[in-house]
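These notes are about the structure you will find just below.
What you see is a predicted model; the values in this text were computed from it and never measured. Order of the sequence lines fixes the chain letters, A, B, ..., with proteins taken first and strands second; residue numbering starts at 1 for each chain.
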There are 2 protein chains.
Amino acid sequence: MSRERFETFKKALRQRQPDMTVLTDKVHKAQNISAILRTAEAAGIGHIHMVRPERGHLVYHNTAGGIGRFTSQTVHDTIEEGCSALRQQGFTLYAAHWSERAIDYREADFTRPFALIMGAEKRGLSDYAAAEADAHLTIPNMGLVESYNVSVAAAIILQTAMEQRVRAGLYERPLEEDDHYWTTLFEWMHP
Amino acid sequence: MSRERFETFKKALRQRQPDMTVLTDKVHKAQNISAILRTAEAAGIGHIHMVRPERGHLVYHNTAGGIGRFTSQTVHDTIEEGCSALRQQGFTLYAAHWSERAIDYREADFTRPFALIMGAEKRGLSDYAAAEADAHLTIPNMGLVESYNVSVAAAIILQTAMEQRVRAGLYERPLEEDDHYWTTLFEWMHP
Ligand SMILES: C[S@@+](CC[C@H](N)C(=O)[O-])C[C@H]1O[C@@H](n2cnc3c(N)ncnc32)[C@H](O)[C@@H]1O
Ligand SMILES: C[S@@+](CC[C@H](N)C(=O)[O-])C[C@H]1O[C@@H](n2cnc3c(N)ncnc32)[C@H](O)[C@@H]1O
């Protein structure tokens, strides 16, 4: 463990955004989950939520470019369970979804505590998540495609969230060197 | 063919940006190529360039969510060939790449004619493309990940390119109803 590596860990941990997360609604392709995990971590998200897809389990560990070690995941059995857990923790629920009530994703306020719900590859968002969400966010486009790949859509939205939070100074919050901080640093340092 | 569908085609065709393209430098995963194709089309890119990966060929047709029909591709055997073709067509070459001379992607001028070169999944950008590029664009992040998935990186950069072009009015250029326009419309209408 070099001094430099230690400083990198401290900086990343300081920039973590515990009040921002992602909930995948039965996204099942390993490559998509892995890409979402990497993109989320890049925006400072240390913990993500996933609803288990019907078939198969979530195999993402080996494909996440080693980033799995620096993030943690909660796997929910149902979308109901996932939404209710996030509600209890005070997150506003934004669903990436096209609907009559959808707003342009750039109009959403990403500086408040929020969870971004992403729909599955073929099936899209579940009816339950669509009904439960506080807002539907849509990414308008200039072409003929109907939708983006799910990890691409997550990245476009999270990039805007990150920029809003940079402007609001949320990556420069004073560091609380509490138990969680030291435990995490310790874990990262001892693979 | 409904009147509505016809109008959708006309609008999309009018918004196409012939002076913007992507060149993939041996990107080989079908899912990534497909995601890049969709994202590019969403930004108004009707034609993309790809350098054939060493092994296997490019199988993207079935996975591109049907968008292959509305876009065309040139496959080059080598990166040298790809770069030189784009140079001849007057494109500035931007490579998504981290290096000493890299600039923040938001500082690049995307309103000029440009091709965005994307590196391969594991290997990244080839030395040739890195040397040949007019500028290297990097996407800074707040976490510990070293890189984004290639289709995610392409999307983040193209989204900014699209926004710059919206502001510059480039999606509102007067429509030239030339041979290319009518041929393309005809093709789209008769699958
Ligand atoms: C491949 S899409 C699902 C497509 C599905 N056929 C549908 O119509 O919902 C997977 C997920 O990516 C997100 N997504 C894709 N394109 C989007 C867009 N333009 N706006 C908002 N979310 C999008 C949504 O969460 C969606 O459920
Ligand atoms: C998965 S990355 C390749 C990683 C490879 N190990 C390397 O170090 O280059 C695939 C491609 O995505 C693009 N990319 C990924 N993250 C990027 C970033 N933060 N900035 C610019 N381009 C990036 C680059 O074109 C890169 O070659």
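Checked for salt-bridge contact, A:Arg106 and B:Glu163 meet the test: a charged N lies under 4.0 Å from a carboxylate O. Electrostatic pairing of A:Lys11 and A:Glu7 does not count as a salt bridge here, judged by no charged N lying under 4.0 Å from a carboxylate O. At a threshold of 4.0 Å, the pair B:Asp19-B:Arg165 counts as salt-bridged, since one of the basic side-chain nitrogens sits closer than that to a carboxylate oxygen.
Both the backbone and the side chain of A:Ser147 come within contact range of chain B, each with at least one heavy atom under 4.5 Å from a heavy atom of that chain. Residue B:Gln159 touches chain A through its side chain alone, counting heavy-atom pairs closer than 4.5 Å. For A:Tyr148, the parts lying near chain B are the backbone and the side chain together; criterion is any non-hydrogen pair under 4.5 Å. With a 4.5 angstrom heavy-atom cutoff, A:Leu144 touches chain B via backbone and side-chain atoms both. With a 4.5 Å cut-off on non-hydrogen atoms, A:Glu41 touches chain B through its backbone and its side chain both.
Counting only distance, with no hydrogens or angles, the side chain of B:Thr24 and the backbone of B:Lys26 share no donor-acceptor pair below 3.5 Å. In this structure, A:Arg69 contributes its side chain and A:Trp188 its backbone to a donor-acceptor pair below 3.5 Å.
Between A:Pro53 and A:Val27, every side-chain heavy-atom pair lies at or beyond the 4.5 Å cut-off.
Between A:Phe91 and A:Phe114, the ring centre distance reaches or exceeds 6.0 Å.
The only member of B:Arg123, B:Glu54, B:Glu121 that meets side-chain hydrogen bond (donor to acceptor under 3.5 Å, both in side chains) when paired with B:His28 is B:Glu121. Paired with B:Phe9 under the rule ring-ring contact (aromatic ring centres under 6.0 Å, His included), one option of B:Phe186, B:Trp182, B:Phe70, B:Tyr181 passes, and it is B:Phe70.
In terms of heavy-atom pairs under 4.5 angstrom with chain A, the leader among B:Glu146, B:Met162, B:Gln15, B:Gln17 is B:Gln15.
Contacts between residues 126-143 of chain A and chain B, counted as heavy-atom pairs separated by less than 4.5 Å, involve A:Ile139, A:Pro140, A:Asn141, A:Met142, A:Gly143.
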